[in-house]
Student: 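Below is the structure I would like to discuss, written out as structure tokens.
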Amino acid sequence: MAGSPSTGRYEKIYAVIRKIPRGKVGTYGQVALLAGIPGAARQVGYALHALPGDGDVPWHRVINAQGKISPRTGSDHDVEQRILLESEGIIFDQRGRIPLDTFQWDPLRRSSRRTPG
DNA sequence: GCAATGACGCTCT
DNA sequence: CAGAGCGCCATTG
């Protein structure tokens with residue numbers, strides 16, 4: 001627990017992202033909320049920035065609330081993300097946006113398992 | 001402890 | 001729906 005040197009609160013963020021099912025996408029705010037730090041959507045993005053390419057965290061499933069890929073600085077990984085998402089079965093709008101109404105991850109549904117009631 | 005940075009979110013037009 | 005501006009919070013130096 002508190003013995004995480006570099007990661008810090010990021011561990012909680014990574015844990016939430018890893019829970020995102022394939023074919024779905026989550027927003028920074030959503031991840032931050034589930035991570036226990038609502039309002040700190042920026043830190044979620046910052047945490048992903050520190051993610052290694054060998055990590056088991058599906059960072060490509062994390063996008064902004066606008067359903068678009070953020071134009072991060074000094075990297076072309078933004079293109080890679082779109083390719084990965086399309087590979088997951090997610091489609092993009094003509095403007096490069098994703099219909100969150102259909103692809104946004106819903107932690108309550110967990111896997112479209114029956115109706116929550 | 002203070003100041004600066006950052007893969008964002010929300011509201012208004 | 002799309003575009004622009006301000007605010008929020010956590011991490012780092």
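Just so it is clear: chains get the letters A, B, ... in the order the sequence lines come, proteins before strands, and each one is counted from 1.
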Student: For I13(A) and V57(A), run side-chain contact (heavy atoms from CB on, under 4.5 Å): C-alpha distance rounded to whole Å, both residues' side-chain angles, the deciding distance at 0.1 Å, then the answer.
Tutor: CA-CA 10 Å; I13(A) 297 173; V57(A) 183; over 6 Å; no
Student: Nearest whole Å is fine: how far is dC9(C) C1' from L33(A) CG?
Tutor: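 It is 14 Å, rounded to the nearest whole Å.
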Student: Would you sort out whether K68(A) and I63(A) count as a side-chain contact (heavy atoms from CB on, under 4.5 Å), showing the intermediate values?
Tutor: CA-CA 6 Å; K68(A) 296 200 303 192; I63(A) 59 177; over 6 Å; no
Student: Give me the distances for all protein-to-nucleotides 1-3 of chain C N/O pairs that come in under 3.5 Å?
Tutor:
unit_1	atom_1	unit_2	atom_2	d
dA2(C)	OP2	R97(A)	NH1	3.2

Student: Side-chain polar contacts of residues 85-100 of chain A - donor-acceptor pairs under 3.5 angstrom, sequence neighbours left out - could you list them?
Tutor:
unit_1	atom_1	unit_2	atom_2	d
E88(A)	OE1	G23(A)	N	3.3
E88(A)	OE1	R61(A)	NH2	3.3
D93(A)	OD1	R95(A)	N	3.4
R97(A)	NE	Q66(A)	O	3.4

Student: Carefully, step by step, assess V62(A) and L48(A) under the rule side-chain contact (heavy atoms from CB on, under 4.5 Å).
Tutor: CA-CA 9 Å; V62(A) 185; L48(A) 296 175; 3.7 Å; yes
Student: Is the side chain of D78(A) donor-acceptor paired with the backbone N or O of Q81(A) at a distance under 3.5 Å, no angle test?
Tutor: no
Student: Verify the cluster assignment for I69(A) and W59(A): are they in a single hydrophobic cluster under the rule of side-chain heavy atoms below 4.5 Å apart?
Tutor: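 Cluster IDs for I69(A) and W59(A) differ.
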Student: Give me, pair by pair, the N or O atoms of the protein and of nucleotides 7-11 of chain B that are less than 3.5 Å apart, along with how far apart they are.
Tutor:
unit_1	atom_1	unit_2	atom_2	d
dA7(B)	O3'	S70(A)	OG	3.2
dA7(B)	N7	G45(A)	O	3.4
dA7(B)	N7	H49(A)	N	2.9
dA7(B)	N6	L48(A)	O	3.1
dA7(B)	N1	R72(A)	NH1	2.5
dA7(B)	N3	R72(A)	NH1	2.7
dA7(B)	N3	R72(A)	NH2	3.3
dC8(B)	OP1	S70(A)	OG	2.3
dC8(B)	N3	R42(A)	NE	3.3
dC8(B)	N4	R42(A)	NH2	3.0
dG9(B)	OP1	A65(A)	N	3.0
dG9(B)	OP2	A65(A)	N	2.8

Student: Side chain to side chain contact (heavy atoms under 4.5 Å, CB included) with W105(A): which of I17(A), V25(A), V16(A)?
Tutor: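 Per the side chain to side chain contact (heavy atoms under 4.5 Å, CB included) rule, the option paired with W105(A) is V16(A), out of I17(A), V25(A), V16(A).
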Student: Please test Y10(A) against Y46(A) for side-chain contact (heavy atoms from CB on, under 4.5 Å), starting from the C-alpha separation and ending with a verdict.
Tutor: CA-CA 9 Å; Y10(A) 292 170; Y46(A) 194 82; 2.7 Å; yes
